[in-house]
Amino acid sequence: MELKTNYQYTYFIHPFVIKDGKYQSYMLKMIKNKNCELKVFQKEKDLKLYQYFLPKIREFLFSSFSYGANKRRKLEELPIETRAALLAKNPCNIFEYTLKKDIQGKIDKSNGIFFNIQKIEIICFSTGICFLAIKTNVEEYTEFSNVLNFNYKFRDINHELKNLENYDNIRIQTDTFADTKTFQELIREITGSSIEATRLNIDTERFLTYSYVCINQEAWNQADQFNEIKYQFIKYANILPADNSREYEYEEIKTFSKWKYAKLGLSKIGMMLFSSSNDMNNYTILPEEYENQYFYTYIFNLYKKIYLKKIELELKNITKIKKARKKFVEFTKNLWIQEITEDETGTLLNDKMQEVFELDKLYSQVKYKYDILYKELNFEKQRKTMLMIVFILGISLLLNILNFIIIIPRI
């Protein structure tokens with residue numbers, strides 16, 4: 001029996017890095033772009049998000065929560081260069097990239113999968129680490145196999161090998177452009193060069209995949225247990241096509257569940273939540289939580305991973321060591337040791353993300369290099385101090401000898 005879906009969406013996430021010293025210029029570029037608008041979070045409108053994150057992390061991720069109507073109005077009245085300078089001081093800014101109408105695309109020339117792009121967000125941290133997040137959904141199809149095939153194909157559309165038939169046939173059409181424009185061109189317009197990301201060994205040709213699907217309760221309910229469709233979840237969590245015949249062990253992905261009819265699969269390439277409409281929560285409340293609270297938890301952990309890699313690289317550069325050491329201390333104090341939420345599910349999920357991204361291991365590697373440099377710099381400092389003391393003592397001794405030589409003839 002063909003597995004059917006009731007509801008689904010997928011975010012495709014593209015990390016990119018702004019060159020040091022160019023972040024303010026990038027903020028100016030975002031402000032000047034007529035398709036971009038700063039996303040302002042408000043306590044009343046985004047109450048669940050506000051309550052989910054603890055104050056320090058909330059202020060780090062969503063500075064705009066502190067914007068009142070008066071502050072927003074004054075910000076809009078400022079010259080764009082001044083606005084860019086002020087935004088560049090925020091730890092994080094989130095922009096919404098909007099087009100004149102919904103973007104529709106199609107995979108393959110005939111008998112393909114139609115899909116919509118519902119939302120585009122650009123999440124920018126003041127360290128220059130940014131994320132382009134594109135929300136999509138498969139249109140007019142209820143077959144779960146189409147979701148599998150779409151996720152599998154779409155995540156590779158930014159690949160350099162443009163002549164790959166399955167990828168080159170994905171295009172968008174909108175009134176914003178005079179003609180069709182490929183996704184690769186849209187990505188380059190927003191993200192610019194991939195040089196800095198490549199230096200940090202970030203894969204810029206394959207999207208990270210963050211997906212939600214609610215399947216029909218006929219396939220997963222009290223009578224029909226999860227084990228009967230487990231192989232479908234494994235393909236979904238590993239971002240494999242519907243016709244995949246390769247055997248994947250269930251344990252190869254980290255699984256997580258605090259819900260009776262929902263299971264989450266987490267790996268280094270994505271996070272996928274697989275649920276059943278047998279629980280009304282799975283098509284009313286959970287999709288929104290997954291798209292907001294858990295999504296930004298995922299982005300936050302991705303950020304920590306990339307920022308640690310950035311600090312690690314800078315610790316190897318003799319001209320950047322001093323600043324890198326300061327960044328590491330501030331990161332430890334302001335982010336690493338901070339709890340992000342008191343929500344039980346969110347806390348457990350955050351721990352799973354840290355485990356999959358190997359953040360503890362990466363942090364230990366950076367700390368080890370920091371400690372070595374700290375000892376070396378202290379040793380060098382002590383050596384210079386000792387040399388200075390020896391020099392001063394030598395000068396003092398020489399002056400005493402000279403003074404003694406001058407006094408003896410007088411006697």
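Any value given below was found using the heavy atoms of this structure, including those in side chains, with hydrogens, waters and symmetry copies removed. Computed from a predicted model, the values in this text were never measured in an experiment.
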Under 6.0 Å between the ring centres of [X] and [Y]?
{"X": "Phe357", "Y": "Tyr303", "value": "no"}
{"X": "Tyr11", "Y": "Phe131", "value": "no"}
{"X": "Phe41", "Y": "Tyr67", "value": "no"}
{"X": "Phe295", "Y": "Tyr290", "value": "no"}

For [X] against [Y], the heavy-atom pair lying closest together:
{"X": "Ser276", "Y": "Asn282", "result": "O-ND2, 2.8 Å"}
{"X": "Asn93", "Y": "Ala88", "result": "ND2-N, 4.5 Å"}
{"X": "Ser267", "Y": "Val356", "result": "C-CG1, 3.5 Å"}
{"X": "Pro287", "Y": "Tyr7", "result": "CB-CE2, 3.7 Å"}

Does the [X] side chain pair with the main chain of [Y], one donor and one acceptor, at a distance under 3.5 Å?
{"X": "Gln225", "Y": "Gln222", "result": "yes"}
{"X": "Asn90", "Y": "Ser63", "result": "no"}
{"X": "Tyr97", "Y": "Glu37", "result": "no"}
{"X": "Thr5", "Y": "Thr142", "result": "yes"}
{"X": "Asp279", "Y": "Asn281", "result": "yes"}
{"X": "Lys135", "Y": "Gln118", "result": "no"}
{"X": "Tyr261", "Y": "Gln217", "result": "no"}
{"X": "Arg58", "Y": "Phe53", "result": "yes"}
{"X": "Asn149", "Y": "Ser145", "result": "yes"}
{"X": "Asn238", "Y": "Ile234", "result": "yes"}

Practice prompt. Please report the C-alpha distance between Arg325 and Lys320 in whole Å, then the side-chain angles of each, then the deciding distance to 0.1 Å, and finally whether the side-chain contact (heavy atoms from CB on, under 4.5 Å) criterion is met.
Written response: CA-CA 9 Å; Arg325 290 175 63 242; Lys320 295 182 178 182; over 6 Å; no
Worksheet entry | Given Lys305, Lys254, Lys361, Lys268, the one that forms salt bridge (Lys or Arg N to Asp or Glu O under 4.0 Å) with Glu355 | Lys254
Practice prompt. Can you spot which of Lys327, Lys369, Lys323 makes a salt bridge (Lys or Arg N to Asp or Glu O under 4.0 Å) with Glu314?
Written response: Lys327
Atom pair [atom1]/[atom2] of [X] and [Y] - distance to nearest 0.5 Å:
{"X": "Glu121", "Y": "Cys36", "atom1": "CD", "atom2": "SG", "result": "11.5 Å"}
{"X": "Leu186", "Y": "Leu132", "atom1": "CG", "atom2": "CG", "result": "7.0 Å"}
{"X": "Leu200", "Y": "Ile195", "atom1": "CG", "atom2": "CD1", "result": "12.5 Å"}
{"X": "Tyr26", "Y": "Leu87", "atom1": "OH", "atom2": "CG", "result": "13.0 Å"}
{"X": "Ile129", "Y": "Tyr23", "atom1": "CD1", "atom2": "OH", "result": "10.5 Å"}
{"X": "Gln42", "Y": "Arg72", "atom1": "CD", "atom2": "CZ", "result": "4.5 Å"}

Discussion item. So that I can tick it off, tell me whether Glu291 and Lys119 are bridged by a salt bridge, with the cut-off set at under 4.0 angstrom between side-chain N and carboxylate O.
Written reply: yes
Fill in: Intermediate values then yes/no, salt bridge (Lys or Arg N to Asp or Glu O under 4.0 Å), Glu218 and Lys4
CA-CA 9 Å; Glu218 292 178 2; Lys4 303 290 185 180; over 6 Å; no
Practice prompt. Walk me through it: do Ile187 and His14 pass the test side-chain contact (heavy atoms from CB on, under 4.5 Å)?
Written response: CA-CA 9 Å; Ile187 291 166; His14 176 73; 3.9 Å; yes
Discussion item. Between Thr10 and Asn151, is the side chain to side chain donor-acceptor pair (under 3.5 Å) condition met? List the steps.
Written reply: CA-CA 8 Å; Thr10 300; Asn151 286 353; 3.0 Å; yes
Side chains of [X] and [Y] in contact at under 4.5 Å (non-hydrogen atoms):
{"X": "Phe233", "Y": "Ile229", "value": "no"}
{"X": "Glu205", "Y": "Asp156", "value": "no"}
{"X": "Asn216", "Y": "Phe144", "value": "no"}
{"X": "Leu286", "Y": "Leu273", "value": "yes"}
{"X": "Glu312", "Y": "Gln365", "value": "yes"}
{"X": "Tyr210", "Y": "Ile299", "value": "no"}
{"X": "Phe300", "Y": "Leu61", "value": "yes"}
{"X": "Glu342", "Y": "Thr347", "value": "no"}

Fill in: Verdict with reasoning, Glu76 to Arg83, per salt bridge (Lys or Arg N to Asp or Glu O under 4.0 Å)
CA-CA 8 Å; Glu76 289 296 322; Arg83 262 188 284 162; 3.7 Å; yes
Worksheet item: Knowing that exactly one of Tyr283, Trp259, Tyr212 qualifies, which makes a side chain to side chain donor-acceptor pair (under 3.5 Å) with Ser275?
Response: Tyr212
Item to complete: With Tyr52 as reference, evaluate Thr341, Asp343, Thr297 under the side chain to side chain donor-acceptor pair (under 3.5 Å) test and give the passing residue.
Response: Thr297
[X] atom [atom1]: more than 12 heavy-atom contacts under 6.0 Å:
{"X": "Glu339", "atom1": "CD", "result": "no"}
{"X": "Ile318", "atom1": "CD1", "result": "no"}
{"X": "Lys34", "atom1": "NZ", "result": "no"}
{"X": "Glu344", "atom1": "CD", "result": "no"}
{"X": "Lys71", "atom1": "NZ", "result": "yes"}

Item to complete: List the steps and the verdict of side-chain contact (heavy atoms from CB on, under 4.5 Å) for Leu75 and Leu86.
Response: CA-CA 9 Å; Leu75 185 65; Leu86 289 173; 4.1 Å; yes
Discussion item. Testing Lys263, Met271, Met353, Lys352 one by one against Phe256 for a side-chain contact (heavy atoms from CB on, under 4.5 Å), which residue passes?
Written reply: Lys352
Practice prompt. Among Arg199, Glu196, Lys309, find the residue that satisfies the side-chain contact (heavy atoms from CB on, under 4.5 Å) test when tested with Val17.
Written response: Glu196
Worksheet entry | Tyr9 vs Thr136, side-chain contact (heavy atoms from CB on, under 4.5 Å): CA-CA, chis, key distance, verdict | CA-CA 6 Å; Tyr9 62 79; Thr136 65; over 6 Å; no
Item to complete: Answer yes if the side chains of Ser277 and Asn6 hold a donor-acceptor pair under 3.5 Å, and no otherwise.
Response: yes
Item to complete: Would you please say whether a donor-acceptor pair under 3.5 Å links the side chains of Lys333 and Gln338?
Response: no
